[in-house]
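A short write-up of the structure that comes next.
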2 protein chains.
Amino acid sequence: MSRRRPPSSTEDLLSLLKSHGVKVTHQRLLVAEALMKLDHPTASEIYEFIASRAPAVGVATVYRTLRLFTKTGLTREISSMRGLSRYELYQRPHINLHCIACGHITDFDDSHTKGLFSVFTRRGFRVLGCDVAVLCPSCTARSRR
Amino acid sequence: MSRRRPPSSTEDLLSLLKSHGVKVTHQRLLVAEALMKLDHPTASEIYEFIASRAPAVGVATVYRTLRLFTKTGLTREISSMRGLSRYELYQRPHINLHCIACGHITDFDDSHTKGLFSVFTRRGFRVLGCDVAVLCPSCTARSRR
DNA sequence: CTGTTTGCAAAAAATTTGCATGTTC
DNA sequence: GAACATGCAAATTTTTTGCAAACAG
(Lines give C-alpha, C1' and ligand atoms only; values in the text may rest on other atoms or scores of the structure.)
Protein backbone atom coordinates (compact mmCIF):
# COMPACT_ATOMS: atom_id res chain seq x y z
CA MET A 1 0.00 0.00 0.00
CA SER A 2 1.51 3.31 -0.93
CA ARG A 3 0.67 6.82 0.02
CA ARG A 4 1.55 8.91 -2.99
CA ARG A 5 1.74 12.64 -2.33
CA PRO A 6 1.76 14.59 -5.60
CA PRO A 7 2.83 18.19 -6.51
CA SER A 8 3.50 20.53 -3.63
CA SER A 9 4.38 24.18 -4.23
CA THR A 10 2.21 26.79 -5.91
CA GLU A 11 4.63 26.74 -8.82
CA ASP A 12 4.14 23.02 -9.25
CA LEU A 13 0.39 23.56 -9.31
CA LEU A 14 0.78 26.33 -11.84
CA SER A 15 2.73 24.21 -14.25
CA LEU A 16 0.43 21.28 -13.58
CA LEU A 17 -2.53 23.33 -14.80
CA LYS A 18 -0.59 24.68 -17.76
CA SER A 19 0.63 21.27 -18.79
CA HIS A 20 -2.97 20.20 -19.08
CA GLY A 21 -3.88 23.17 -21.23
CA VAL A 22 -6.02 24.68 -18.50
CA LYS A 23 -6.23 28.42 -18.17
CA VAL A 24 -4.83 29.47 -14.79
CA THR A 25 -7.08 31.29 -12.37
CA HIS A 26 -6.98 31.98 -8.67
CA GLN A 27 -9.90 29.64 -7.95
CA ARG A 28 -8.48 26.79 -10.02
CA LEU A 29 -5.24 26.98 -8.08
CA LEU A 30 -7.22 26.82 -4.86
CA VAL A 31 -9.15 23.77 -6.01
CA ALA A 32 -5.91 22.10 -7.08
CA GLU A 33 -4.36 22.91 -3.71
CA ALA A 34 -7.34 21.41 -1.90
CA LEU A 35 -7.05 18.26 -4.01
CA MET A 36 -3.42 18.06 -3.02
CA LYS A 37 -3.89 18.55 0.69
CA LEU A 38 -7.09 16.60 1.26
CA ASP A 39 -7.43 12.85 0.97
CA HIS A 40 -9.83 11.95 -1.85
CA PRO A 41 -12.13 14.86 -1.04
CA THR A 42 -15.72 15.34 -2.14
CA ALA A 43 -16.77 18.53 -3.91
CA SER A 44 -18.16 19.98 -0.72
CA GLU A 45 -15.06 19.11 1.28
CA ILE A 46 -13.09 21.07 -1.29
CA TYR A 47 -15.60 23.90 -1.02
CA GLU A 48 -15.29 23.92 2.77
CA PHE A 49 -11.49 23.86 2.57
CA ILE A 50 -11.49 26.95 0.39
CA ALA A 51 -14.37 28.73 2.11
CA SER A 52 -12.14 30.44 4.66
CA ARG A 53 -9.95 32.14 2.05
CA ALA A 54 -10.68 35.48 0.45
CA PRO A 55 -12.08 35.81 -2.04
CA ALA A 56 -14.12 32.70 -1.36
CA VAL A 57 -15.02 30.48 -4.28
CA GLY A 58 -18.62 29.69 -5.22
CA VAL A 59 -19.92 26.12 -5.17
CA ALA A 60 -20.72 26.27 -8.85
CA THR A 61 -17.11 27.09 -9.62
CA VAL A 62 -15.87 24.18 -7.58
CA TYR A 63 -18.11 21.83 -9.55
CA ARG A 64 -17.24 23.42 -12.89
CA THR A 65 -13.55 23.22 -12.06
CA LEU A 66 -13.71 19.58 -11.04
CA ARG A 67 -15.54 18.74 -14.22
CA LEU A 68 -12.90 20.55 -16.25
CA PHE A 69 -10.06 18.91 -14.35
CA THR A 70 -11.56 15.50 -14.91
CA LYS A 71 -12.18 16.16 -18.58
CA THR A 72 -8.56 17.19 -19.10
CA GLY A 73 -7.25 14.23 -17.14
CA LEU A 74 -5.92 16.29 -14.29
CA THR A 75 -8.14 14.57 -11.75
CA ARG A 76 -10.07 11.37 -11.59
CA GLU A 77 -13.62 11.16 -10.31
CA ILE A 78 -14.31 8.30 -7.93
CA SER A 79 -18.03 7.89 -7.55
CA SER A 80 -19.18 7.07 -4.13
CA MET A 81 -22.31 5.64 -2.61
CA ARG A 82 -25.52 7.60 -2.51
CA GLY A 83 -24.71 10.30 -5.00
CA LEU A 84 -21.39 11.63 -3.82
CA SER A 85 -18.25 11.87 -5.90
CA ARG A 86 -14.72 11.98 -4.59
CA TYR A 87 -11.75 13.29 -6.52
CA GLU A 88 -8.04 12.59 -6.68
CA LEU A 89 -5.22 14.17 -8.65
CA TYR A 90 -4.54 11.71 -11.41
CA GLN A 91 -1.40 9.66 -11.02
CA ARG A 92 -0.81 6.56 -13.07
CA PRO A 93 -3.51 3.89 -12.99
CA HIS A 94 -3.58 2.40 -9.53
CA ILE A 95 -6.06 0.71 -7.26
CA ASN A 96 -8.39 2.36 -4.78
CA LEU A 97 -9.80 0.15 -2.07
CA HIS A 98 -13.10 1.83 -1.38
CA CYS A 99 -14.88 0.83 1.84
CA ILE A 100 -18.62 0.84 1.28
CA ALA A 101 -19.30 1.10 5.00
CA CYS A 102 -17.12 3.99 6.16
CA GLY A 103 -16.34 5.49 2.75
CA HIS A 104 -12.61 5.57 3.29
CA ILE A 105 -10.39 5.09 0.25
CA THR A 106 -7.05 3.30 0.56
CA ASP A 107 -4.56 3.62 -2.28
CA PHE A 108 -2.93 0.44 -3.43
CA ASP A 109 -0.15 0.04 -5.87
CA ASP A 110 1.57 -3.26 -6.40
CA SER A 111 2.93 -5.55 -9.02
CA HIS A 112 -0.40 -7.23 -9.68
CA THR A 113 -1.71 -3.98 -11.06
CA LYS A 114 0.18 -4.05 -14.33
CA GLY A 115 -0.71 -7.64 -15.10
CA LEU A 116 -4.37 -7.00 -14.46
CA PHE A 117 -4.58 -3.82 -16.45
CA SER A 118 -2.81 -5.29 -19.45
CA VAL A 119 -5.63 -7.81 -19.80
CA PHE A 120 -7.96 -4.91 -20.43
CA THR A 121 -5.70 -2.76 -22.56
CA ARG A 122 -5.00 -5.71 -24.79
CA ARG A 123 -8.73 -5.78 -25.52
CA GLY A 124 -8.89 -2.14 -26.50
CA PHE A 125 -9.99 -0.57 -23.22
CA ARG A 126 -8.07 2.44 -22.01
CA VAL A 127 -7.74 2.04 -18.25
CA LEU A 128 -8.12 5.20 -16.16
CA GLY A 129 -8.40 3.78 -12.68
CA CYS A 130 -9.57 0.88 -10.62
CA ASP A 131 -11.87 0.95 -7.62
CA VAL A 132 -12.40 -2.11 -5.52
CA ALA A 133 -15.46 -2.10 -3.30
CA VAL A 134 -14.51 -3.59 0.05
CA LEU A 135 -15.28 -3.75 3.70
CA CYS A 136 -12.08 -2.49 5.28
CA PRO A 137 -10.54 -4.48 8.13
CA SER A 138 -12.11 -2.36 10.87
CA CYS A 139 -15.56 -2.27 9.28
CA THR A 140 -15.38 -6.03 8.71
CA ALA A 141 -14.68 -6.48 12.41
CA ARG A 142 -17.48 -4.08 13.32
CA SER A 143 -19.98 -5.92 11.12
CA ARG A 144 -19.23 -9.21 12.88
CA ARG A 145 -20.40 -7.90 16.23
CA MET B 1 -15.66 -11.46 -20.91
CA SER B 2 -18.69 -13.22 -19.59
CA ARG B 3 -22.31 -12.35 -19.61
CA ARG B 4 -23.75 -13.93 -16.50
CA ARG B 5 -27.52 -14.14 -16.43
CA PRO B 6 -28.69 -14.94 -12.90
CA PRO B 7 -32.03 -16.29 -11.52
CA SER B 8 -34.92 -16.45 -13.91
CA SER B 9 -38.33 -17.62 -12.77
CA THR B 10 -40.53 -16.00 -10.15
CA GLU B 11 -39.84 -18.98 -7.92
CA ASP B 12 -36.12 -18.43 -8.19
CA LEU B 13 -36.63 -14.83 -7.17
CA LEU B 14 -38.78 -15.88 -4.27
CA SER B 15 -36.18 -18.21 -2.87
CA LEU B 16 -33.47 -15.68 -3.61
CA LEU B 17 -35.19 -13.17 -1.34
CA LYS B 18 -35.88 -15.78 1.31
CA SER B 19 -32.31 -17.02 1.29
CA HIS B 20 -31.20 -13.51 2.14
CA GLY B 21 -33.64 -13.27 5.02
CA VAL B 22 -35.70 -10.64 3.23
CA LYS B 23 -39.44 -10.57 3.76
CA VAL B 24 -41.20 -11.24 0.47
CA THR B 25 -43.50 -8.58 -0.95
CA HIS B 26 -44.99 -7.90 -4.34
CA GLN B 27 -42.87 -4.77 -4.83
CA ARG B 28 -39.64 -6.49 -3.82
CA LEU B 29 -40.24 -9.21 -6.34
CA LEU B 30 -40.79 -6.56 -8.99
CA VAL B 31 -37.56 -4.79 -8.11
CA ALA B 32 -35.70 -8.11 -8.19
CA GLU B 33 -37.23 -8.90 -11.56
CA ALA B 34 -36.15 -5.53 -12.92
CA LEU B 35 -32.62 -6.13 -11.67
CA MET B 36 -32.65 -9.43 -13.46
CA LYS B 37 -33.95 -8.18 -16.77
CA LEU B 38 -32.16 -4.85 -17.02
CA ASP B 39 -28.44 -4.41 -17.46
CA HIS B 40 -26.91 -2.67 -14.44
CA PRO B 41 -29.92 -0.36 -14.07
CA THR B 42 -30.13 2.87 -12.10
CA ALA B 43 -32.85 3.35 -9.50
CA SER B 44 -34.97 5.35 -11.90
CA GLU B 45 -34.56 2.82 -14.69
CA ILE B 46 -35.92 0.24 -12.30
CA TYR B 47 -38.74 2.58 -11.37
CA GLU B 48 -39.58 3.14 -15.04
CA PHE B 49 -39.49 -0.58 -15.73
CA ILE B 50 -42.04 -1.24 -13.00
CA ALA B 51 -44.16 1.85 -13.60
CA SER B 52 -46.37 0.17 -16.18
CA ARG B 53 -47.47 -2.64 -13.83
CA ALA B 54 -50.39 -2.46 -11.45
CA PRO B 55 -50.19 -1.68 -8.68
CA ALA B 56 -47.29 0.61 -9.51
CA VAL B 57 -44.48 0.95 -7.01
CA GLY B 58 -43.50 4.29 -5.47
CA VAL B 59 -40.03 5.74 -5.99
CA ALA B 60 -39.37 5.70 -2.28
CA THR B 61 -40.00 1.97 -2.19
CA VAL B 62 -37.58 1.37 -5.03
CA TYR B 63 -34.87 3.23 -3.15
CA ARG B 64 -35.70 1.57 0.17
CA THR B 65 -35.67 -1.83 -1.50
CA LEU B 66 -32.36 -1.27 -3.21
CA ARG B 67 -30.83 -0.16 0.05
CA LEU B 68 -32.17 -3.26 1.77
CA PHE B 69 -30.98 -5.54 -1.02
CA THR B 70 -27.51 -4.02 -0.88
CA LYS B 71 -27.35 -4.27 2.90
CA THR B 72 -28.26 -7.96 2.80
CA GLY B 73 -25.80 -8.65 0.00
CA LEU B 74 -28.45 -9.41 -2.58
CA THR B 75 -27.31 -6.61 -4.85
CA ARG B 76 -24.22 -4.54 -5.26
CA GLU B 77 -24.29 -0.80 -5.74
CA ILE B 78 -22.00 0.49 -8.48
CA SER B 79 -21.55 4.21 -8.15
CA SER B 80 -21.59 6.06 -11.35
CA MET B 81 -20.52 9.48 -12.49
CA ARG B 82 -22.43 12.53 -11.40
CA GLY B 83 -24.38 11.11 -8.52
CA LEU B 84 -26.08 8.14 -10.07
CA SER B 85 -25.89 4.65 -8.71
CA ARG B 86 -26.32 1.49 -10.73
CA TYR B 87 -27.20 -1.89 -9.29
CA GLU B 88 -26.50 -5.50 -10.12
CA LEU B 89 -27.62 -8.74 -8.55
CA TYR B 90 -24.61 -9.88 -6.59
CA GLN B 91 -22.73 -12.80 -8.07
CA ARG B 92 -19.28 -13.68 -6.87
CA PRO B 93 -16.68 -10.91 -6.90
CA HIS B 94 -15.98 -10.03 -10.51
CA ILE B 95 -14.82 -7.06 -12.50
CA ASN B 96 -16.93 -4.31 -14.07
CA LEU B 97 -15.32 -2.32 -16.82
CA HIS B 98 -17.10 0.99 -16.50
CA CYS B 99 -16.78 3.43 -19.40
CA ILE B 100 -16.67 6.97 -18.11
CA ALA B 101 -17.69 8.35 -21.48
CA CYS B 102 -20.75 6.33 -22.46
CA GLY B 103 -21.53 4.86 -19.04
CA HIS B 104 -21.71 1.31 -20.29
CA ILE B 105 -20.63 -1.46 -17.92
CA THR B 106 -18.96 -4.59 -19.26
CA ASP B 107 -18.72 -7.62 -16.99
CA PHE B 108 -15.39 -9.34 -16.89
CA ASP B 109 -14.48 -12.56 -15.20
CA ASP B 110 -11.15 -14.21 -15.73
CA SER B 111 -8.37 -15.98 -13.99
CA HIS B 112 -6.58 -12.77 -13.08
CA THR B 113 -9.41 -11.93 -10.74
CA LYS B 114 -8.55 -14.48 -8.08
CA GLY B 115 -4.93 -13.49 -7.85
CA LEU B 116 -5.77 -9.82 -7.56
CA PHE B 117 -8.46 -10.18 -4.95
CA SER B 118 -6.40 -12.50 -2.75
CA VAL B 119 -3.85 -9.72 -2.31
CA PHE B 120 -6.57 -7.67 -0.64
CA THR B 121 -8.24 -10.41 1.36
CA ARG B 122 -4.88 -11.41 2.76
CA ARG B 123 -4.66 -7.92 4.22
CA GLY B 124 -8.02 -8.08 5.93
CA PHE B 125 -10.23 -6.43 3.31
CA ARG B 126 -13.42 -8.18 2.36
CA VAL B 127 -13.80 -7.74 -1.39
CA LEU B 128 -17.31 -7.07 -2.70
CA GLY B 129 -16.63 -6.04 -6.25
CA CYS B 130 -14.25 -4.32 -8.57
CA ASP B 131 -14.94 -1.44 -10.90
CA VAL B 132 -12.40 -0.37 -13.45
CA ALA B 133 -12.86 3.07 -14.95
CA VAL B 134 -12.10 2.88 -18.65
CA LEU B 135 -12.67 4.36 -22.01
CA CYS B 136 -14.24 1.50 -23.92
CA PRO B 137 -12.89 0.62 -27.38
CA SER B 138 -15.51 2.63 -29.27
CA CYS B 139 -15.25 5.69 -27.03
CA THR B 140 -11.47 5.55 -27.29
CA ALA B 141 -11.79 5.60 -31.07
CA ARG B 142 -14.32 8.43 -30.89
CA SER B 143 -12.06 10.51 -28.65
CA ARG B 144 -9.21 10.25 -31.15
CA ARG B 145 -11.18 12.01 -33.84
C1' DC C 1 -52.45 -9.63 15.78
C1' DT C 2 -47.86 -7.22 15.71
C1' DG C 3 -44.30 -5.44 13.49
C1' DT C 4 -42.97 -4.24 8.69
C1' DT C 5 -43.61 -2.26 4.48
C1' DT C 6 -45.76 0.95 1.39
C1' DG C 7 -47.42 5.30 -0.83
C1' DC C 8 -47.52 9.94 -1.01
C1' DA C 9 -45.94 14.26 -0.74
C1' DA C 10 -42.67 17.11 1.25
C1' DA C 11 -37.64 17.70 2.45
C1' DA C 12 -32.90 17.21 1.86
C1' DA C 13 -28.69 16.65 -0.60
C1' DA C 14 -25.88 17.02 -4.66
C1' DT C 15 -25.12 19.12 -8.89
C1' DT C 16 -26.13 22.16 -12.90
C1' DT C 17 -27.59 26.31 -15.38
C1' DG C 18 -28.61 31.31 -16.82
C1' DC C 19 -26.89 35.50 -16.98
C1' DA C 20 -24.53 39.80 -15.85
C1' DT C 21 -19.91 40.92 -14.43
C1' DG C 22 -14.98 40.27 -13.92
C1' DT C 23 -10.52 38.16 -15.51
C1' DT C 24 -6.85 35.88 -18.41
C1' DC C 25 -4.06 35.86 -22.28
C1' DG D 1 -10.27 43.43 -26.59
C1' DA D 2 -12.17 38.76 -27.29
C1' DA D 3 -13.00 34.74 -25.22
C1' DC D 4 -13.47 32.56 -21.27
C1' DA D 5 -14.33 32.14 -16.04
C1' DT D 6 -16.90 33.47 -12.05
C1' DG D 7 -20.64 34.46 -8.63
C1' DC D 8 -25.09 34.25 -7.35
C1' DA D 9 -29.45 32.46 -7.03
C1' DA D 10 -32.70 29.67 -9.04
C1' DA D 11 -33.57 25.14 -11.22
C1' DT D 12 -32.73 20.13 -11.70
C1' DT D 13 -31.77 15.70 -10.37
C1' DT D 14 -31.20 12.07 -7.10
C1' DT D 15 -32.28 10.25 -2.78
C1' DT D 16 -34.38 10.30 1.89
C1' DT D 17 -37.99 10.98 5.45
C1' DG D 18 -42.49 11.39 8.10
C1' DC D 19 -46.61 9.46 8.77
C1' DA D 20 -51.06 7.13 8.14
C1' DA D 21 -52.85 3.12 5.84
C1' DA D 22 -52.03 -1.73 4.08
C1' DC D 23 -49.84 -6.17 4.45
C1' DA D 24 -46.90 -10.42 5.65
C1' DG D 25 -46.09 -13.96 8.60
Side-chain angles (χ1 to χ4, degrees), chain A residues 10 13-32 34 40-72 74-75 77-87 100 103, chain B residues 10 13-32 34 40-72 74-75 77-87 100 103:
Chain A
T10 305
L13 291 180
L14 232 147
S15 50
L16 184 65
L17 296 200
K18 279 180 182 165
S19 71
H20 284 263
V22 167
K23 193 180 274 189
V24 176
T25 69
H26 181 62
Q27 18 288 86
R28 286 174 182 179
L29 284 172
L30 285 173
V31 171
H40 299 98
T42 62
S44 63
E45 282 167 0
I46 291 169
Y47 177 74
E48 295 298 329
F49 180 86
I50 299 175
S52 50
R53 321 301 175 84
V57 175
V59 231
T61 299
V62 172
Y63 281 102
R64 276 186 290 229
T65 301
L66 289 171
R67 223 188 323 164
L68 173 74
F69 281 8
T70 300
K71 191 145 293 171
T72 59
L74 213 152
T75 54
E77 181 180 7
I78 306 170
S79 313
S80 212
M81 307 301 112
R82 270 173 276 293
L84 238 180
S85 289
R86 297 187 165 275
Y87 297 84
I100 67 161
Chain B
T10 304
L13 291 180
L14 232 147
S15 50
L16 184 66
L17 296 201
K18 281 180 181 164
S19 71
H20 284 264
V22 167
K23 193 181 274 188
V24 176
T25 68
H26 180 63
Q27 15 289 85
R28 285 174 185 179
L29 284 172
L30 285 172
V31 171
H40 298 100
T42 62
S44 62
E45 283 166 0
I46 292 169
Y47 176 74
E48 295 298 329
F49 180 86
I50 299 175
S52 47
R53 322 300 175 86
V57 175
V59 230
T61 299
V62 172
Y63 280 102
R64 276 186 291 229
T65 302
L66 290 170
R67 225 190 320 165
L68 173 74
F69 281 7
T70 300
K71 191 143 295 169
T72 58
L74 213 151
T75 55
E77 182 181 7
I78 306 170
S79 315
S80 215
M81 307 301 112
R82 269 172 277 295
L84 239 180
S85 289
R86 296 186 166 276
Y87 296 83
I100 67 162

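All of these numbers come straight from a predicted model, not from anything done at the bench. Numbered from 1 within each chain, the chains take letters A, B, ... in sequence-line order.
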*Are any of A/R67's side-chain N or O atoms less than 4.0 Å away from OP1 or OP2 of C/dT17?*
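Checking A/R67 against C/dT17: at least one side-chain N or O falls below 4.0 Å of OP1 or OP2.
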*Under 4.0 Å between a side-chain N/O of A/Q27 and OP1 or OP2 of D/dG7, yes or no?*
yes
*At how many degrees, to 10°, do the end axes of the helix from C/dC1-D/dG25 to C/dC25-D/dG1 meet when each uses five pairs?*
50°
Expressed in angstrom and rounded to an integer, what is the separation of [X] atom [atom1] from [N] atom [atom2]?
X: A/I46; N: C/dA14; atom1: CD1; atom2: P; value: 14 Å
X: B/L30; N: C/dT6; atom1: CG; atom2: P; value: 11 Å
X: B/K71; N: C/dT5; atom1: NZ; atom2: P; value: 13 Å
X: B/L66; N: C/dT5; atom1: CG; atom2: P; value: 15 Å
X: B/Y47; N: D/dT13; atom1: OH; atom2: C1'; value: 15 Å
X: A/R86; N: C/dT15; atom1: CZ; atom2: C1'; value: 16 Å
X: B/L17; N: C/dT4; atom1: CG; atom2: P; value: 18 Å
X: A/L14; N: C/dT24; atom1: CG; atom2: C1'; value: 12 Å

Let's see if you can work this out: which of [options] has an atom nearest to the side-chain heavy atoms of [X]?
X: A/R64; options: C/dT15, D/dG7, C/dT6; result: D/dG7
X: A/A60; options: D/dG7, C/dT17, C/dT6; result: C/dT17
X: A/Y63; options: C/dT15, C/dG18, D/dT15; result: C/dT15

*Report which part of the nucleic acid B/R28 touches: base, sugar-phosphate, or nothing (heavy-atom distance under 4.0 Å, all strands).*
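B/R28: backbone/sugar contact only, no base atoms under 4.0 Å.
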Roughly how far apart are [X] [atom1] and [Y] [atom2], rounded to 0.5 Å?
X: B/Q27; Y: B/R64; atom1: CD; atom2: CZ; answer: 10.0 Å
X: B/H26; Y: B/T61; atom1: NE2; atom2: OG1; answer: 11.5 Å
X: A/L30; Y: A/I46; atom1: CG; atom2: CD1; answer: 11.0 Å
X: A/E45; Y: A/R86; atom1: CD; atom2: CZ; answer: 4.5 Å

*Distance-minimising heavy-atom pair for A/A34 and A/F49*: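 Minimum heavy-atom contact is CB-CD2, 3.4 Å.
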_Please give me the minimum heavy-atom distance between B/V62 and B/A43, naming the atom from each residue._
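For B/V62 and B/A43, the tightest heavy-atom pair comes out as CG1-O, 3.8 Å.
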*Does a side-chain heavy-atom distance below 4.5 Å link B/I78 with B/H40?*
yes
*Heavy-atom distance under 4.5 Å between the side chains of B/I100 and A/E77, does that happen here?*
no
*I would like to know whether B/Y47 and B/T42 meet side chain to side chain contact (heavy atoms under 4.5 Å, CB included); could you show each step before the answer?*
CA-CA 9 Å; B/Y47 176 74; B/T42 62; over 6 Å; no
Give each protein N/O atom lying under 3.5 Å from an N/O atom of nucleotides 22-25 of chain D, with the pair distance.
unit_1: D/dA24; atom_1: O3'; unit_2: B/V24; atom_2: O; d: 3.4

